[in-house]
2 protein chains.
Amino acid sequence: MSADAAPITRVRAADELKHVALEQFASAGFAGSSLQHIADRAGYSKSSVLYHYASKEALLEAAIEPAIAEFEAVLDEFLTNRGSERRRRLVDDVVRLLLAHREAVHVFLFQGPSLDLPIIARANAAVRRLAAAIHEERESVAEQVRFGVALGGAAFLLTAGRSFAEEDALPSDDELREALRTVLTELLIPSGRHRPTSDH
Amino acid sequence: MSADAAPITRVRAADELKHVALEQFASAGFAGSSLQHIADRAGYSKSSVLYHYASKEALLEAAIEPAIAEFEAVLDEFLTNRGSERRRRLVDDVVRLLLAHREAVHVFLFQGPSLDLPIIARANAAVRRLAAAIHEERESVAEQVRFGVALGGAAFLLTAGRSFAEEDALPSDDELREALRTVLTELLIPSGRHRPTSDH
DNA sequence: CCAGAAGCTGACCGATCGGTCAGCTACCGT
DNA sequence: ACGGTAGCTGACCGATCGGTCAGCTTCTGG
């Protein structure tokens with residue numbers, strides 16, 4: 001049998017290691033996180049880590065691939081859509097993705113350029129595709145800056161920026177989601193707001 | 001004599017190493033930058049680096065201290081001022097500081113939380129002071145998010161985000177300064193714009 | 001009852017890490 | 001002419017890095 005209930009501990013170790021590793025990669029950087037440290041934190045030996053994952057790189061890949069795949073899906077949809085809902089969908093998707101995959105986003109967005117790994121190259125390619133699309137359709141520099149500040153700022157707020165707040169004053173995820181949607185909408189959706197032709 | 005012209009090569013080595021090191025720290029991370037690599041890039045030996053700087057940590061400190069001191073000055077002025085020009089000054093100062101010290105800001109803002117060094121602690125304390133001041137005077141979550149997105153986004157755009165743009169399409173620093181001032185002003189200065197009481 | 005796979009580990013490997021040290025060269029003021 | 005110092009280097013150190021490997025347990029299907 002072993003159709004159910006059995007793998008209670010089965011997949012757990014690998015997932016646990018993946019989770020601890022992602023935390024470490026996001027908070028201390030990929031280069032700054034040793035397999036030994038990750039193993040210690042998870043309560044395993046370094047050999048165990050390398051039993052479940054062929055290499056440090058494979059561990060990183062397993063940890064951030066889902067986030068990258070989801071980001072690629074969001075991007076594809078954005079590039080396909082042409083309707084008026086286009087940007088609204090992007091804002092919603094991005095906020096949801098950021099909240100669900102903070103650590104992973106922190107890794108491939110902030111450390112991405114410095115890591116020479118296939119999985120990171122794939123993530124960078126996706127980010128670059130988004131940047132190129134934005135650069136194409138928004139000719140003014142201020143418009144491009146708005147986009148970069150919005151996405152980079154949102155990512156910063158949920159990852160690195162978090163450590164600068166007082167712990168007892170951290171808003172809940174629900175509050176954050178709504179506030180982020182509000183702010184990103186202001187920045188990215190030129191709804192009948194006060195931005196005449198000032199740019200460019 | 002030796003009152004002039006002599007130190008042409010004198011201070012050069014130390015400054016050159018500092019500059020190369022800062023580039024490396026910003027692009028590859030502190031943990032990911034080895035003294036050997038920095039020395040190679042600068043055309044010196046590793047021993048030479050440690051002759052000019054007592055340790056890797058001292059090298060980092062020399063590289064980013066000026067930026068931190070300047071940031072502290074900007075912060076002190078912001079915390080002192082009470083006039084209506086307060087936020088406008090902050091925007092101007094921050095944009096100027098970001099453009100002048102991109103790499104240093106990238107180090108202590110994005111890698112800051114993960115490095116346990118005195119100089120980084122000092123930088124983190126300053127950022128935290130700013131965050132606390134913002135949290136105090138802006139009670140709505142959206143307002144705090146606006147602040148975090150603005151500052152974090154601007155920093156992202158000038159550092160990590162830069163590598164995602166096509167090289168031949170990078171705006172000049174002057175264009176960036178103006179665009180950043182525009183966008184940050186929109187985000188941080190509640191001038192008679194369409195933000196009624198929607199927040200909180 | 002037992003063969004074998006899964007899970008996990010310590011011992012070990014070469015490479016590289018940050019850092020020390022003795023010594024070399026070149027130039028300085030006296 | 002010479003002692004001292006500033007600049008720089010290669011050799012070397014212990015620690016730690018990512019990764020390999022043989023072997024130990026524990027469980028399971030036949």
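Predicted, not measured: the structure shown is a model, and the values here were computed from it. Throughout, protein chains are lettered first and strands after them, A, B, ... in sequence-line order, and every chain is numbered starting at 1.
- Computed from coordinates, the A:Leu117 CG to D:dG18 C1' distance equals 13 Å when rounded to whole Å.
- Between B:Tyr51 and D:dC8 there is no side-chain N or O to OP1 or OP2 distance below 4.0 Å.
- At whole-Å resolution of the value, OH in A:Tyr53 and P in C:dG7 are 12 Å apart.
- Of the candidate nucleotides D:dC8, C:dT9, C:dG18, D:dC8 has the atom nearest to the side chain of B:Ala13.
- The side chain of A:Leu50 lies closest to D:dG19, out of D:dC8, C:dT9, D:dG19.
- With rounding to whole Å, A:Leu17 atom CG is found 18 Å from C:dA6 atom P.
- Between A:Phe156 and B:Phe156, the ring center distance fails the sub-6.0 Å criterion.
- Side-chain atoms of A:Leu35 lie closest to D:dG19 of the nucleotides C:dA11, D:dT9, D:dG19.
- Look at B:Ser48 and you'll find a side-chain N or O under 4.0 angstrom from OP1 or OP2 of D:dT9.
- D:dC17 atom C1' lies 15 Å from atom CG of A:Leu59, rounded to whole Å.
- Cation-pi geometry between A:Lys56 and A:Phe30 is met: the NZ or CZ atom falls under 6.0 Å from the ring centre, inside 45° of the normal.
- The B:Ser34 side chain lies nearest to C:dC17 when the options are D:dG18, C:dC17, D:dC8.
- When distances are taken from the side chain of B:Ser47 to each of C:dG18, C:dT20, D:dA6, the shortest belongs to C:dT20.
- Here the side chain of B:Lys46 is nearest to one of D:dG19, D:dT9, C:dG18, namely C:dG18.
- Distance CD1 (A:Ile38) to P (D:dT16): 17 Å, rounded to an integer number of Å.
- One atom, CD of A:Gln24, and another, P of D:dG18, lie 11 Å apart when rounded to the nearest Å.
- We find that A:Asp15 and A:Arg12 are not joined by a salt bridge, their nearest charged nitrogen and carboxylate oxygen being 4.0 Å or further apart.
- Within 6.0 Å of atom CZ in B:Arg181, 12 or fewer heavy atoms from other residues, nucleotides or ligands are found, so the atom counts as exposed in its surroundings.
- Of the candidate nucleotides D:dT9, C:dT9, D:dG19, D:dG19 has the atom lying nearest to any side-chain atom of A:Lys56.
- Atom OG1 of residue A:Thr182 and atom CG of residue A:Leu187 lie 11.5 Å apart, to the nearest 0.5 angstrom.
- Between A:His52 and C:dC8 there is a side-chain polar atom (N or O) within less than 4.0 angstrom of OP1 or OP2.
- Between B:His37 atom NE2 and C:dG18 atom C1' there is a gap of 16 Å when expressed in whole angstrom units.
- A:Gln36 places its CD atom 20 Å from the P atom of C:dT16, with the value rounded to the nearest Å.
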